[in-house]
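Here is the structure we will look at, set down as structure tokens.
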Amino acid sequence: MDRKRAGIAATAALAPAMWGTTYLVTTQLLPEGRPLLLAALRALPAGLLLLAIGRKLPKGRWWGRSAVLGMLNIGLFFPLMFVGAYRLPGGVAATIGAIQPLLVAGFSIGVLGVRPGRRTLVAGLVGVGGVALLVLKSGARLDGIGLAAMVVGVALMAMGTVLTRRWGRPEGATLADLTAWQLLAGSVFLVPLAAVVEGAPPALSAANLTGFAYLGLLSTALGYVLWFRGIEHLGAGPASFLGLVNPVIATLGGLIVLGQTLTPWQVLGLLLALGALVAGQAPARRTPAPAPAPAPLPTLTTAPEPRVPATAH
């Protein structure tokens with residue numbers, strides 16, 4: 001990997017690194033049992049901030065594209081992830097999230113015309129195994145609704161990642177603009193839904209406000225700009241492997257904040273996950289277009305006999 005590509009990958013990896021702290025921030029600083037409220041307050045302030053910075057609205061077909069991407073990456077993904085976080089142990093949720101590179105590889109075949117190589121598929125499987133060793137615990141509680149929410153959420157964001165790569169961004173728009181449009185499109189769905197389903201928000205403490213400020217400004221506004229930059233420059237597949245940083249940071253956060261320790265199996269899982277992340281940075285190959293049919297050979301025919309002009313009588 002050249003130096004420029006490595007730098008882009010390193011900055012893009014900051015996004016899942018910040019997302020890896022979401023579970024810790026949610027459990028330690030945010031109100032309990034309000035997944036829609038958390039999703040709305042994470043998306044709306046970040047979207048408004050980026051819109052105020054860029055001061056640009058989508059034009060033409062980008063209204064529709066922003067709505068689609070906003071629902072896939074934000075409006076549906078955020079609440080499904082919070083539902084999964086509430087109903088599943090963190091290890092189970094992280095393991096399901098680790099299948100995203102494999103889903104991106106599958107979606108890329110039809111949407112981008114990119115054929116994943118054997119290295120990508122092996123790295124994806126190794127990544128899932130590494131994350132499972134790192135975060136799963138024996139006797140982990142499995143909840144059907146939580147599992148469904150996580151699987152659907154991961155699949156939606158995988159498709160959002162692929163479509164983000166396919167559509168790029170309109171001329172003259174920055175990555176901050178593209179991020180703002182998606183966050184606000186998701187918020188248009190999330191805010192009224194949270195009000196109807198969960199009612200008025202509770203009084204927020206100083207700890208709650210600190211948690212929302214961190215999730216909105218850093219984890220979401222900055223995080224998604226860096227994430228979309230990674231997709232734009234690295235490709236959907238390599239960028240998706242950077243998501244393996246998420247469970248690694250979540251585990252390290254537990255070590256530092258909660259005083260947890262790593263077992264030898266977890267150390268092995270950590271090494272496998274990081275190895276899969278590096279291996280997954282190889283650019284994907286495009287499916288070759290079918291070769292054009294050869295031009296037909298000229299047909300040899302007998303030259304016509306010269307016509308004899310008629311004699312005038």
Would you sort out whether Leu268 and Trp265 count as a side-chain contact (heavy atoms from CB on, under 4.5 Å), showing the intermediate values? CA-CA 5 Å; Leu268 175 60; Trp265 285 110; 3.8 Å; yes

Evaluate Leu29 against Leu215 for side-chain contact (heavy atoms from CB on, under 4.5 Å), listing each step before the verdict. CA-CA 11 Å; Leu29 298 177; Leu215 286 183; over 6 Å; no

Verify side-chain contact (heavy atoms from CB on, under 4.5 Å) between Trp63 and Leu57, making sure each step is shown before the conclusion. CA-CA 9 Å; Trp63 283 101; Leu57 293 174; 4.3 Å; yes

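Side-chain contact between Pro116 and Ile109: present, with at least one pair of heavy atoms (C-beta onward) separated by less than 4.5 Å. No side-chain heavy atom of Phe78 sits under 4.5 Å from any side-chain heavy atom of Ser187. In this structure, the side chains of Leu277 and Val245 come closer than 4.5 Å at one or more pairs of heavy atoms. Residues Trp181 and Asp177 meet the side-chain proximity criterion, which asks for heavy atoms closer than 4.5 Å. Here the side chains of Arg5 and Pro238 are in contact, with some heavy-atom distance below 4.5 Å.
Put simply, the side chain of Lys56 gets close to the backbone of Gly172: a donor and an acceptor are under 3.5 Å apart. Arg42 places no side-chain N or O within 3.5 Å of a backbone atom of Thr220 that could act as its donor or acceptor partner. Thr21 places no side-chain N or O within donor-acceptor distance of the main-chain N or O of Ala17, the cut-off being under 3.5 Å. A donor-acceptor pair is defined here as one N or O able to donate and one able to accept, closer than 3.5 Å; no such pair exists between the side chain of Arg229 and the backbone of Ile8.
Here the straight-line distance linking atom CH2 of Trp227 with atom OG of Ser240 works out to 6.5 Å at 0.5 Å rounding. For the atom pair CG (Leu270) and CG (Leu274), the distance works out to 4.5 Å, reported to the nearest 0.5 Å. Rounding to the nearest 0.5 angstrom, the gap separating the OG atom in Ser66 from the CE atom in Met71 is 13.5 Å. The CE atom of Met81 sits 8.0 Å away from atom CG of Leu156, with the distance rounded to the nearest 0.5 Å. Atoms CG and CG, on Leu69 and Leu163 in that order, are 6.0 Å from each other to the nearest 0.5 Å. Taking CG of Leu222 as the start and CG of Leu50 as the end, the distance is 9.0 Å to the nearest 0.5 Å.
For the pair Leu103 and Ala158, the tightest heavy-atom approach, listed with the atom from each and the gap, is CB-CB, 3.8 Å. Contact detail for Leu190 and Ala43: the closest heavy-atom pair is CD1-CB, 4.4 Å. Across all their heavy atoms, Leu234 and Ala9 have their closest contact at CD1-CA, 3.8 Å. For Ala98 against Leu244, the heavy-atom pair with the smallest separation is CB-CD2, 4.0 Å. Nearest heavy atom pair, residue Val83 against residue Ala149, reads CG1-CB, 3.9 Å. Nearest approach of Gly168 to Trp62, heavy atoms of both residues: O-CH2, 3.2 Å.
Grouping the Ile, Leu, Val, Met, Phe, Trp and Tyr side chains by contacts below 4.5 angstrom, directly or via other members, places Leu41 apart from Leu44. Cluster membership for Leu37 and Val188, using ILVMFWY side-chain heavy atoms within less than 4.5 angstrom, is not shared. Cluster annotation: Val151 and Met159 are assigned to the same hydrophobic cluster (Ile/Leu/Val/Met/Phe/Trp/Tyr, side-chain heavy-atom contacts under 4.5 Å, transitive). Under the 4.5 Å side-chain heavy-atom criterion for Ile, Leu, Val, Met, Phe, Trp and Tyr, Leu184 and Leu38 are members of distinct hydrophobic clusters. There is a path of hydrophobic side-chain contacts, each under 4.5 Å, that joins Val152 to Leu76.
In this view, Arg169 and Glu232 satisfy the salt bridge (charged side-chain N to carboxylate O under 4.0 Å, His left out) rule, not counting sequence neighbours.
Ring geometry, Trp19 versus Tyr224: the interplanar angle falls from 30° to 60°, so the pair is classed tilted.
Screening Thr161, Leu242, Val104 for a side-chain contact (heavy atoms from CB on, under 4.5 Å) involving Ile231 leaves a single residue, Thr161.
Evaluation of the salt bridge (charged side-chain N to carboxylate O under 4.0 Å, His left out) test over residues 179-205, restricted to residues two or more places apart or in two chains, returns Arg34-Glu198.
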